[in-house]
Number of protein chains: 2
Amino acid sequence: MPDEVTTDESLAPNPVIERPAPEAAKRAARQRPLHEAVVDRLRDMIIEGELRVGERLHEFNLAETLNVSRTPVREAVKLLATEGLVELLPGRGARVAALSAKTITDLLEVIGGIERHACELAAERMTARELAKLSRMHERMAGYHQAGNLHDYFKLNNEIHVAIVAAAKNATLATTHAALILKARRGRHAALASQARWAEAMAEHELLMKAFAERDGRKAGEIMLQHDLRTREVVQRILEASKP
Amino acid sequence: MPDEVTTDESLAPNPVIERPAPEAAKRAARQRPLHEAVVDRLRDMIIEGELRVGERLHEFNLAETLNVSRTPVREAVKLLATEGLVELLPGRGARVAALSAKTITDLLEVIGGIERHACELAAERMTARELAKLSRMHERMAGYHQAGNLHDYFKLNNEIHVAIVAAAKNATLATTHAALILKARRGRHAALASQARWAEAMAEHELLMKAFAERDGRKAGEIMLQHDLRTREVVQRILEASKP
DNA sequence: ATTTGATTTTTTGCATGCAAAATTGGCGGA
DNA sequence: TCCGCCAATTTTGCATGCAAAAAATCAAAT
């Protein structure tokens, strides 16, 4: 899913987790589980770099910062460990997991494989309606490209990748893909790579749509895989250049 | 990863989680985190069917049964939810997730895609040593097949699939694969399918090894994908037959 | 000055407490 | 008989308590 984009915008200066006052809870349709909110909050803090790589996750401090008790924090940390964002130190808490160049490129490689598979399946299973919608998204993206609107291009590009995976009509595939994309968000470098490959990537998407129109899954998959692997290579070069 | 086998053997009649007496803990090299033990215990209980599909996970009862407090049980349940084994009911606890035919076949489809990718990469990245080891495993498996030793055949077959993924030298790929395999363990149907396809599967493995010997990743991947998809089809037929 | 070891402090991991939400059961009405 | 409403009970979710393990601090000895 190259063409990664960082969907920040919300810089969240205040980490405290808002929750309806005890009495106001009645009005709120339903209260979101705290531990879930904490997971999201901590994930953002890690992805946005508020918590630095290797930094110990201090449950008491975090609980105080987020204005919750240690319990939901503990649950959240364990959940984030399954996502690979934090590393559990048995008996000594947890710390933000390192993200080596190898980890990132491995991630991008797997995402490429998944998206290839998604293309193959989607080409066969996509309804005419879905194909039409995808076409419209693609056209819109082409417009952003011509207009030099990088931000909206990135956003839509991500949506297209997700839409293709959804069109494969395989829930496990979609879940797996989503989880990997989430992790890949940590590599901001990917965004740079996309930028460098902007024109090229656009051309590849063009070919991809053509393959979908022909319902040629094999071809679509191949294009997607190459598309992803090229971005991966650029990312790899950037990473090697930054710290060799 | 078709040719699924259920690695029971340990029927665990007593669910209580053993732990060194408070004082004996000194002797034990290091105490395993309780929540981890609970995760494993509950996962087995679900996979082995001790907890039936749809059954509510009652944290107090489970805690009592496992001889721990609610806290590690709660953590474990949330962890199992990320594995897809249980379904969280916001505000109402959790229950054993349903495993529909679609879910199983989706799972097998994704595993097929992952293993194809693994074959492609492994063919390129595998060391001569690894290839030799894989060959020996394959020969041994052929022996079990000829001897009609289904149990050991299954076990070794699983190990071969895992070894191939490992040879792809991509940690994310391996982790993702392992997680999916774990979930697939719930479909005992797969074991039946393997049995039905025993001879055929063996022949496919033969071709696979030949492709690896030629370092033909494309071919190896294709063989693996077809291998997995055929098992998937048999599973699908079994499932449709059992409850149509 | 540096290192080692004992002591204090912090932090973790599990257990328990408590209020709010959800479920259950009973009762009255249709 | 069946449905719906209200009270009693259970269960969840979060907070807090507590003992053991880990880390930090300090002291003495090299």
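So you know, we letter chains A, B, ... as the sequences are listed, proteins then strands, and number each from 1. Hydrogens, waters and symmetry mates play no part in the numbers below; they use all other heavy atoms, side chains included.
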Please check the phosphate of D:dG13 (OP1 and OP2 only) for any side-chain N or O of A:H35 closer than 4.0 Å.
no

In whole Å, I'd like the distance from the CG atom of A:L34 to the C1' atom of C:dA19.
14 Å

Validation row: A:H117, A:L173 side chains within 4.5 angstrom (heavy atoms)
yes

For A:K169, give me all partners under side chain to side chain contact (heavy atoms under 4.5 Å, CB included), at least two apart in sequence or on another chain.
A:R125, A:T127, A:E130

Quick test: give all pairs of protein nitrogen or oxygen and nucleotides 8-12 of chain C nitrogen or oxygen below 3.5 Å, distance rounded to 0.1 Å.
{"unit_1": "C:dT11", "atom_1": "OP1", "unit_2": "A:H58", "atom_2": "NE2", "d": "2.5"}
{"unit_1": "C:dT11", "atom_1": "OP2", "unit_2": "A:H58", "atom_2": "NE2", "d": "3.4"}
{"unit_1": "C:dT11", "atom_1": "O5'", "unit_2": "A:H58", "atom_2": "NE2", "d": "2.9"}
{"unit_1": "C:dT12", "atom_1": "OP1", "unit_2": "A:L57", "atom_2": "O", "d": "3.4"}

Between B:E55 (CD) and D:dT11 (P), how many Å, whole number?
13 Å

Side chain to side chain contact (heavy atoms under 4.5 Å, CB included) involving A:E36 - partner list, sequence neighbours excluded
A:R32, A:P33

Decide whether B:S100 and B:T103 meet the rule of one side-chain donor and one side-chain acceptor closer than 3.5 Å.
yes

Any side-chain N or O of A:S69 below 4.0 angstrom from OP1/OP2 of D:dA15?
yes

Atom NZ of residue position B:K133 - does it have more than 12 heavy atoms of other residues, nucleotides or ligands inside 6.0 Å?
no

From CD of B:E75 across to P of C:dA15 the rounded distance in Å is 10 Å

In whole Å, I'd like the distance from the CZ atom of B:R32 to the P atom of D:dA20.
22 Å

Does B:R116 reach the main-chain N or O of A:G113 with its side chain, forming a donor-acceptor pair under 3.5 Å?
no

